[in-house]
Amino acid sequence: MPTRKPSIWVIGDYRNYFQNRVTLQLLAKANDLAPQIGAEVCAVLFGQGLDEYVTEYIAHGAEKIYVVEDPVLKDYSIETYAALMQHLAQKYEPEIILVGATSFGKEFAARVAKRLGTGLTADCIGLDITEDGLLLQIAPSFGGNLIAEIITPEQRPQMATVRPGTFQETPHDNDRQGKIVREQMIKDLPEDRVRLISNEHQPERDQKIEDAAVVVCGGRGMGSKKKLKKLFDLAELMGAEVGGTRPVVYAGWLEPDALIGQAGKNIKPKILISFGISGAIQHTAATNEADFIIAVNKNPNATMMKMADVAVVADANQFCTALIKGLRERIKE
Ligand SMILES: Cc1cc2nc3c(=O)[nH]c(=O)nc-3n(C[C@H](O)[C@H](O)[C@H](O)COP(=O)(O)OP(=O)(O)OC[C@H]3O[C@@H](n4cnc5c(N)ncnc54)[C@H](O)[C@@H]3O)c2cc1C
């Protein structure tokens with residue numbers, strides 16, 4: 001009996017631009033890994049009216065796409081999606097399943113791993129293949145103080161969620177060919193215990209913080225929500241995006257999608273201006289790729305100040321105000 005070719009599956013999370021980028025990044029990485037284990041790269045898509053994404057995922061490296069289209073799948077439901085994924089994974093037995101570590105991906109992957117009785121490494125910041133052909137899952141652990149290298153030697157599939165921005169997507173290639181496998185919706189689904197009452201799309205921002213050339217980032221040292229709001233004035237003057245640390249987001253001073261760090265987004269700006277941020281590893285792990293860092297802190301010994309190309313010992317709020325004033329005067333001249 002012919003044995004099935006091993007496969008690496010990437011879950012298509014296409015609900016908005018940001019999540020779709022993660023899927024494309026994972027397809028690119030899957031294409032790096034696949035030749036090392038003789039695997040094919042597959043995408044998995046659930047929903048309705050998916051043609052656009054089928055085309056996009058093939059153009060970004062999916063050799064095969066498992067597609068399930070059904071009115072029931074129009075709105076995301078964790079129970080339905082997880083049950084369907086379990087069904088497909090048991091039917092086709094992929095070697096590896098990769099999921100973007102978005103809010104959707106985190107809850108989805110955990111449930112699927114439990115259903116399949118396999119392990120899951122959450123929030124990976126690197127993936128590789130070991131000499132034994134296993135997926136090497138590289139992820140921060142112990143609050144980001146250690147980087148763990150994890151393998152799943154026995155259970156299958158090997159599953160990982162991967163932090164957005166970890167890998168680069170490859171350019172869209174219209175000449176690529178892919179096979180589409182249309183699967184039927186499963187019939188005997190358990191009744192959904194979650195009822196969707198309404199669904200609201202946040203308007204897309206023109207510029208994404210992950211792609212921004214200039215980022216101004218605020219920490220607890222900004223002092224208050226009102227004071228931190230000044231960063232938006234500064235950002236407007238500089239054509240920058242605003243990000244923040246976890247305490248600032250948890251305090252409601254910034255929206256959750258502005259969180260920079262292990263639990264948030266990775267950035268790689270040409271210029272990062274950091275205001276009142278201590279420089280904890282969980283934050284700086286996501287700012288390492290900034291070309292030039294200016295840090296403002298009243299404590300010259302703060303880690304962020306040591307990491308900076310220019311360290312300004314000052315009150316963050318006063319410095320921000322002075323910078324805005326200076327820039328406005330320059331613009332008037
Ligand atoms: C599992 C886990 C995941 C985490 N994930 C993230 C994450 O994704 N992102 C993240 O950011 N954090 C994350 N954290 C939290 C992280 O460990 C730090 O607690 C956090 O980054 C600190 O934020 P901060 O620098 O704003 O605050 P603080 O550490 O309190 O630092 C405030 C800084 O402001 C300076 N300051 C105070 N007053 C002024 C002033 N008037 N003017 C100028 N400077 C001033 C202080 O000297 C200090 O350096 C995580 C933690 C854990 C355990």
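Basis for what follows: all heavy atoms, side chains included, without hydrogens, waters or symmetry-related copies.
- Residues Gly243 and Val215 come closest through the heavy atom pair N-CG1, 4.3 Å.
- Closest of all the heavy-atom pairs between Ala30 and Val10 is CB-CG2, 4.0 Å.
- Of the possible donor and acceptor atoms, one in the side chain of Thr118 sits under 3.5 Å from a partner among the backbone N and O of Pro157.
- The hydrophobic cluster containing Ile281 does not contain Met307, counting ILVMFWY residues as joined when their side-chain heavy atoms lie under 4.5 angstrom apart, directly or transitively.
- Between Ile8 and Ile97, the closest side-chain pair of non-hydrogen atoms is not below 4.5 Å.
- The pair Arg156-Glu93 does not count as a salt bridge, with every side-chain nitrogen at least 4.0 angstrom from each carboxylate oxygen.
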Test side-chain contact (heavy atoms from CB on, under 4.5 Å) applied to Ile147 and Ile125, step by step: CA-CA 9 Å; Ile147 301 295; Ile125 54 166; 3.8 Å; yes
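- Residues Leu136 and Ile150 do not share a hydrophobic cluster, clusters being chains of Ile/Leu/Val/Met/Phe/Trp/Tyr side chains in contact below 4.5 Å.
- Nearest heavy-atom pair, Gly119 versus Met159, reported as atom, atom and distance to 0.1 Å: O-CB, 3.5 Å.
- Annotation: side chain of Arg246 is in contact with side chain of Leu259 (closest heavy-atom distance under 4.5 Å).
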Please walk me through it: do Thr121 and Gln137 pass side chain to side chain donor-acceptor pair (under 3.5 Å)? CA-CA 7 Å; Thr121 303; Gln137 303 147 49; 2.4 Å; yes
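- A ring pair (Phe, Tyr, Trp, His ring centres under 6.0 Å) check over residues 71-90, counting only residues at least two apart or in different chains, returns the pairs Phe46-Tyr81, Tyr76-Tyr81, Tyr76-Phe104.
- A donor-acceptor pair under 3.5 Å is absent between the side-chain atoms of Thr152 and the main chain of Gln155, judged by distance alone.
- A donor-acceptor contact shorter than 3.5 Å is absent between the side chain of Lys230 and the backbone of Asn317.
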Could you go through the side-chain contact (heavy atoms from CB on, under 4.5 Å) check for Arg328 and Leu237 one step at a time? CA-CA 8 Å; Arg328 283 189 178 141; Leu237 287 164; 4.0 Å; yes
Evaluate side chain to side chain donor-acceptor pair (under 3.5 Å) for Asn31 paired with Thr170, printing each intermediate quantity in order. CA-CA 10 Å; Asn31 270 278; Thr170 48; over 6 Å; no
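- In the hydrophobic clustering (ILVMFWY side chains linked at under 4.5 Å, chained through shared members), Val313 is joined by Met305.
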Intermediate values then yes/no, side-chain contact (heavy atoms from CB on, under 4.5 Å), Leu24 and Glu56: CA-CA 9 Å; Leu24 304 185; Glu56 186 174 28; 3.7 Å; yes
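- Surrounding CD of Gln90 are more than 12 heavy atoms belonging to other residues, nucleotides or ligands, all under 6.0 Å away.
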Please walk me through it: do Gln25 and Gln168 pass side chain to side chain donor-acceptor pair (under 3.5 Å)? CA-CA 5 Å; Gln25 291 157 13; Gln168 290 279 332; over 6 Å; no
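- The shortest side-chain heavy-atom distance between Trp9 and Leu98 does not fall under the 4.5 Å cut-off.
- Residues Leu327 and Val312 share a single hydrophobic cluster, defined by chaining ILVMFWY side chains whose heavy atoms lie under 4.5 Å apart.
- Of all heavy-atom pairs between Cys217 and Gly244, the closest is SG-N, 3.8 Å.
- Linking Ile, Leu, Val, Met, Phe, Trp and Tyr residues whenever their side-chain heavy atoms come within less than 4.5 Å places Leu73 and Val67 in a single cluster.
- Residues that satisfy the ring-ring contact (aromatic ring centres under 6.0 Å, His included) test with His283, not counting sequence neighbours, are absent from this structure.
- When every heavy atom of Ala43 is checked against every heavy atom of Ala62, the shortest pair comes out as CB-CB, 4.0 Å.
- We find the CE-OG distance between Met304 and Ser278 to be 9.0 Å, quoted to the nearest 0.5 Å.
- Within the 4.5 Å cutoff, no side-chain heavy atoms of Glu236 are placed close to those of Ile324.
- Interatomic distance, SG of Cys124 versus CZ of Phe167, reported as 8.0 Å (0.5 Å rounding).
- Tyr53 is linked by a ring-ring contact (aromatic ring centres under 6.0 Å, His included) to Tyr14, counting only residues two or more places apart in sequence or in another chain.
- Between Glu79 and Arg111, some side-chain heavy-atom pair lies under the 4.5 Å cut-off.
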Which atom pairs, donor and acceptor, lie under 3.5 Å between side-chain atoms of residues 284-298 and protein residues at least two apart or in another chain?
| from | atom 1 | to | atom 2 | distance (Å) |
| --- | --- | --- | --- | --- |
| Thr284 | OG1 | Ala280 | O | 3.3 |
| Thr287 | OG1 | Thr284 | O | 3.2 |
| Asn297 | OD1 | Asn299 | N | 2.8 |
| Asn297 | ND2 | Ile277 | O | 3.1 |

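- Under the 4.5 Å side-chain criterion, counting only non-hydrogen atoms from C-beta, Ile58 is not in contact with Asp173.
- Here the OH-OG distance, from Tyr66 to Ser7, works out to 5.5 Å after rounding to the nearest 0.5 Å.
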Listed pairs under 3.5 Å, donor-acceptor, residues 178-187 side chains, sequence neighbours left out:
| from | atom 1 | to | atom 2 | distance (Å) |
| --- | --- | --- | --- | --- |
| Arg182 | NH1 | Glu69 | OE2 | 2.8 |
| Glu183 | OE1 | Lys91 | NZ | 2.9 |
| Glu183 | OE2 | Lys91 | NZ | 3.3 |
| Glu183 | OE2 | Tyr92 | OH | 2.3 |

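- A donor-acceptor contact closer than 3.5 angstrom is absent between the side chains of Thr23 and Asp13.
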Is there a side-chain contact (heavy atoms from CB on, under 4.5 Å) between Leu272 and Ile267 once you walk through the steps? CA-CA 9 Å; Leu272 168 65; Ile267 53 171; 4.0 Å; yes
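- Side chain to side chain, Thr161 and Asp123 fail the donor-acceptor criterion of an N or O pair below 3.5 Å.
- The shortest heavy-atom contact between Ala39 and Glu63 is O-OE2, 4.3 Å.
- Between Gln36 and Asp128 there is a side-chain heavy-atom pair separated by less than 4.5 Å.
- Between the NZ atom of Lys229 and the SG atom of Cys320 there is a distance of 13.0 Å, given to the nearest 0.5 Å.
- Of the possible polar contacts, one joining the Gln158 side chain to the Leu135 backbone as a donor-acceptor pair under 3.5 Å is found.
- One distance of note links CG of Leu134 with CD1 of Ile37; it measures 9.0 Å at 0.5 Å rounding.
- Side-chain contact between Leu27 and Glu169 is absent, with no heavy-atom pair separated by less than 4.5 Å.
- Interatomic distance, Leu323 CG to Gln318 CD, rounded to the nearest 0.5 Å: 13.5 Å.
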